[in-house]
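Some notes on the structure that comes next.
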Number of protein chains: 2
Amino acid sequence: MGRGKIVIERIANSTSRQVTFAKRRKGLIKKAKELAILCDAQVGLVIFSSTGKLYEYASTSGFKRHSGCGCVR
Amino acid sequence: MGRGKIVIERIANSTSRQVTFAKRRKGLIKKAKELAILCDAQVGLVIFSSTGKLYEYASTSGFKRHSGCGCVR
DNA sequence: ACGACTATCTATAAACC
DNA sequence: TGGTTTATAGATAGTCG
């Protein structure tokens, strides 16, 4: 899906791994949103980068962090 | 992305909405897996269909349902 | 390290069975 | 209603500034 074909395995080069992460994370969240809207579904998505950064998406208020244990419902 | 272009809004026809849901859900989970592997990330994905069915994916054992409240960590 | 660009690959809408 | 095919839209790998 791009200039060259790639194998699905951990990208060795740290820089290109980060670049790919940023691109694909954005694409994944976009598709999650589209699924929620097109199909009237509820979608929750949580992504931690290898450096520990959190990225998340939730389609509706049906998913809420509830106080006390910090979990996602 | 297909024979015709589509607008991102709730699909009116119930049958084609279900068909699209099945296709896109599969695609979304595939991409979530790829992101996890390629970029060494941890990914959690929860999808409820409009009929209330649950579909989920978690890239690592870092995400676990813990007993007691049934939440996802 | 970060945006654009674009050639190319992949996902998928529609058609068909 | 569920699987298969195909043409095309959309995502993105590699490149350049």
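Note that the coordinates shown come from a computational prediction; the quantities given were computed from them, not determined experimentally. Chain naming here is simple, since letters A, B, ... match the order of the sequence lines and numbering starts at 1 in each.
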**OP:** In whole angstrom, give the distance that lies between atom CD of B/E34 and atom P of C/dC9.
**Re:** 15 Å
**OP:** Take the protein atom CG of B/N13 and the nucleotide atom C1' of C/dA15, then report the distance between them rounded to whole Å.
**Re:** 15 Å
**OP:** Indicate the atoms forming the closest heavy-atom contact of A/V7 with B/L38, along with that distance.
**Re:** O-CD2, 3.7 Å
Original post:
Less than 4.5 Å apart, any side-chain heavy atom of A/I47 and any of A/L54?
Top reply: no
Original post:
Atom NZ of B/K30 and atom P of D/dA11: how far apart are they, to the nearest Å?
Top reply: 15 Å
Original post:
Which whole-number value in Å describes the distance from B/K33 NZ to C/dT10 P?
Top reply: 17 Å
Original post:
A/S16 near the nucleic acid: base, sugar-phosphate alone, or nothing, with a heavy-atom cut-off under 4.0 Å?
Top reply: nothing
Contacts under 3.5 Å, N or O only, protein and nucleotides 13-17 of chain D:
| unit_1 | atom_1 | unit_2 | atom_2 | d |
| --- | --- | --- | --- | --- |
| D/dA13 | OP1 | A/R24 | NE | 3.1 |
| D/dA13 | OP1 | A/R24 | NH2 | 2.8 |
| D/dA13 | N7 | A/K23 | NZ | 2.9 |
| D/dA13 | N3 | A/R3 | N | 3.0 |
| D/dG14 | O6 | A/K23 | NZ | 2.8 |
| D/dG14 | N2 | A/R3 | NH2 | 3.4 |

Original post:
Just wondering, do B/I11 and A/D40 contact through their side chains at under 4.5 Å, heavy atoms?
Top reply: no
Subject >> Gap between atoms CD and P, on B/Q18 and D/dG3 respectively (whole Å) >> reply: 13 Å
Subject >> Side-chain touch A/K53/A/Y55, heavy atoms, less than 4.5 angstrom >> reply: yes
**OP:** Keeping the roles fixed (side chain from A/R10, backbone from B/C39), state whether a donor-acceptor pair exists under 3.5 Å.
**Re:** no
Original post:
Do B/S16 side-chain atoms and B/N13 backbone N/O form a donor-acceptor pair below 3.5 Å?
Top reply: yes
**OP:** To the nearest Å, give me how far apart CD1 (B/I8) and P (C/dT12) are.
**Re:** 11 Å
Subject >> Distance, rounded to the nearest Å, where A/L28 contributes CG and C/dA11 contributes C1' >> reply: 13 Å
